[in-house]
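Input: a single structure, listed below in structure tokens.
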Amino acid sequence: MNKKIILLFVVMLLCAGAWWWKAHSAHGSQVKKSSRSAQVLSLQGNILEEDRKKFESYFKSEVLQNKHWPEINDYTIGAVQLVNKTNARELFKLANSNAKSLTICLKKDFCGMEKRNDDDSYFDEAKTPGHIFLGRHLEILLESLRLYSDLKNDLDWELIRDLTDSENEKIQLLALEIIKDYDSRGSETEALLDIAEDYKGNAKAGAFEKIANRESLKDQSLLVNALEKSFSLDDPHTVISVVEKIKKMNLSETDIARVSKTLCRFKENGNDDPNWKMIKYDMKKLADLEKICH
């Protein structure tokens with residue numbers, strides 16, 4: 001009996017020790033994890049602070065002291081929430097001026113961000129913090145114009161047209177949308193399609209979606225021609241991006257059948273080709289590509 005009691009006591013001690021070690025180990029791991037997270041957050045904060053300082057060197061002191069400067073830099077506030085009837089004109093004036101400054105510094109040295117540090121092995125020249133900041137300014141311009149369309153008379157139209165040639169998809173689309181809605185000289189469908197012709201990927205798909213749904217049969221015919229050309233010549237990523245948006249373009253059955261024929265080239269690599277599979281999947285509710293491309 002005594003031996004059984006002693007054995008039971010030893011087992012209990014071992015279990016207690018194992019539980020303590022596991023709990024202590026988990027706590028230590030959590031502390032280390034929290035410490036690493038804090039270090040990452042601190043590093044991110046430093047990067048954001050460095051970005052801000054680099055931006056500020058390209059702006060005049062009156063811009064930095066403007067009461068709206070903190071709001072423009074606060075990405076937690078969307079442009080739709082930021083711009084209202086009370087501040088729209090002031091924000092428009094500030095954004096109009098800042099957009100030009102950003103465009104200049106992006107062309108010069110990506111607003112001081114060509115390379116963050118010696119360990120920065122990857123740098124996307126189309127998606128720098130400067131591009132993100134410029135995109136936000138274009139959003140502010142667009143929201144201001146939606147409240148007060150007369151502001152279009154003060155817009156730097158030469159700058160907006162230049163920005164349609166940006167390498168950044170968001171900037172391309174925002175510039176095109178401003179032209180489409182507020183430029184009396186360049187808002188025709190043919191002119192907009194000329195702008196979008198050299199776009200790639202999501203930018204081209206988004207452009208076609210914005211240009212679509214015009215009432216004129218001529219405009220619709222121009223869009224269908226552009227879709228046929230895209231499906232015949234563009235790279236698979238661009239074609240798939242456009243196909244994903246085609247449901248929102250309200251094309252007629254005749255137009256769908258017409259543009260679908262130009263997608264048959266993707267069947268040449270066989271039914272197992274991933275691009276062909278994706279295109280068939282996205283088009284299945286609109287057209288039977290297997291039947292069309294038999």
Side-chain angles (χ1 to χ4, degrees), residues 48 51-52 54-56 58-60 63-64 66-107 110-111 113 124-184 186-187 192 195-196 199-213 241 245 248:
L48 292 173
D51 289 348
R52 185 182 64 80
K54 288 174 183 176
F55 278 135
E56 288 185 351
Y58 290 91
F59 293 100
K60 296 179 180 179
V63 172
L64 303 179
N66 188 287
K67 64 180 181 180
H68 295 297
W69 180 253
E71 297 172 320
I72 287 180
N73 282 273
D74 187 354
Y75 287 86
T76 63
I77 307 173
V80 175
Q81 289 74 40
L82 174 60
V83 181
N84 55 58
K85 290 185 177 181
T86 303
N87 62 20
R89 293 186 181 279
E90 292 179 355
L91 283 170
F92 177 90
K93 183 177 180 181
L94 183 62
N96 199 24
S97 174
N98 288 353
K100 187 170 185 177
S101 298
L102 282 164
T103 302
I104 292 172
C105 72
L106 279 170
K107 289 179 179 179
F110 299 102
C111 300
M113 296 179 196
D124 191 335
E125 295 185 357
K127 296 179 180 178
T128 69
H131 289 98
I132 295 170
F133 201 41
L134 177 56
R136 180 163 172 80
H137 279 75
L138 291 179
E139 288 177 326
I140 291 171
L141 289 176
L142 188 56
E143 293 304 322
S144 300
L145 286 164
R146 285 170 176 163
L147 290 175
Y148 298 107
S149 60
D150 63 289
L151 288 170
K152 65 183 180 181
N153 298 321
D154 299 322
L155 199 60
D156 187 338
W157 283 109
E158 183 178 353
L159 173 66
I160 298 300
R161 294 186 189 97
D162 285 345
L163 290 178
T164 62
D165 291 327
S166 171
E167 295 298 319
N168 182 275
E169 291 180 350
K170 183 174 182 178
I171 292 174
Q172 288 176 330
L173 284 176
L174 285 167
L176 182 140
E177 188 169 5
I178 290 173
I179 291 173
K180 178 179 75 74
D181 293 342
Y182 300 101
D183 184 5
S184 56
S187 59
L192 295 173
I195 292 173
Y199 285 6
K200 300 294 181 183
N202 293 326
K204 193 158 201 172
F208 283 163
E209 182 185 1
K210 292 181 184 301
I211 296 169
N213 301 318
S241 297
K245 293 279 190 180
K248 300 180 180 180

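Within the 3.5 Å criterion, the main-chain N or O of Asp150 finds no donor-acceptor partner in the side chain of Tyr182. At distances below 3.5 Å, not a single donor-acceptor pair connects side-chain atoms of Thr128 with backbone N or O atoms of Glu125. In this structure a side-chain-to-backbone donor-acceptor pair under 3.5 Å is present from Asn87 to Asn84. Panel note: side chain Asn168, backbone Ile132; no donor-acceptor pair is recorded below 3.5 Å. Not one N or O on the side chain of Trp157 forms a donor-acceptor pair closer than 3.5 Å with the backbone of Ile179.
One distance of note links CG of Asn202 with NZ of Lys245; it measures 7.5 Å at 0.5 Å rounding. For the atom pair CG (Leu106) and CD (Glu167), the distance works out to 12.0 Å, reported to the nearest 0.5 Å. To the nearest 0.5 Å, atom NZ of residue Lys152 and atom CD1 of residue Ile178 are 13.0 Å apart. With rounding to the nearest 0.5 angstrom, the OG1 atom of Thr164 is 12.0 Å from the CG atom of Leu174. Going from atom CG of Leu176 over to atom CG of Asp183 covers 10.5 Å, rounded to the nearest 0.5 Å. Note that the OG1 atom of Thr103 and the NE2 atom of His131 stand 9.0 Å from one another [nearest 0.5 Å].
Residues Phe92 and Asp154 are in side-chain contact: their nearest non-hydrogen atoms beyond the backbone lie under 4.5 Å apart. Using a 4.5 Å heavy-atom cutoff, the side chains of Asp162 and Glu158 are in contact. Two residues are said to be in side-chain contact when any heavy atoms from C-beta on lie closer than 4.5 Å; Leu134 and Ile171 meet this criterion. The closest side-chain heavy-atom distance from Tyr199 to Gln172 is below 4.5 Å.
Ring pair Phe59/Phe133 is perpendicular by interplanar angle, where above 60° counts as perpendicular and below 30° as parallel.
Ion pair Arg146/Glu143 flagged as a salt bridge, since at least one NZ, NE, NH1 or NH2 atom sits closer than 4.0 Å to an Asp/Glu carboxylate oxygen. Remark: Asp74 does not engage Arg136 in a salt bridge, criterion side-chain N to carboxylate O under 4.0 Å.
For the pair Asp156 and Asn96, the tightest heavy-atom approach, listed with the atom from each and the gap, is N-OD1, 3.6 Å. The shortest non-hydrogen separation linking Ala95 to Ile140 is CB-CG2, 3.9 Å. Glu90 and Lys67 make their closest contact through OE1-CE, 3.3 Å (heavy atoms, listed as atom of the first residue, atom of the second, distance). Here the shortest heavy-atom pairing between Tyr58 and Ser101 reads O-CB, 4.3 Å. For the residue pair Leu173 and Ala207, the shortest heavy atom distance occurs at CD2-N, 3.3 Å. Among all heavy-atom pairs drawn from Leu138 and Ala175, the shortest one is CD1-N, 4.5 Å.
Taking a 6.0 Å sphere around CD of Gln81, one finds it holds more than 12 heavy atoms contributed by other residues, nucleotides or ligands. Heavy-atom neighbours of Lys100 NZ from other residues, nucleotides or ligands within 6.0 Å: at or below the threshold of 12.
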Subject >> Worked check of side chain to side chain contact (heavy atoms under 4.5 Å, CB included) between Leu151 and Leu141 >> reply: CA-CA 9 Å; Leu151 288 170; Leu141 289 176; over 6 Å; no
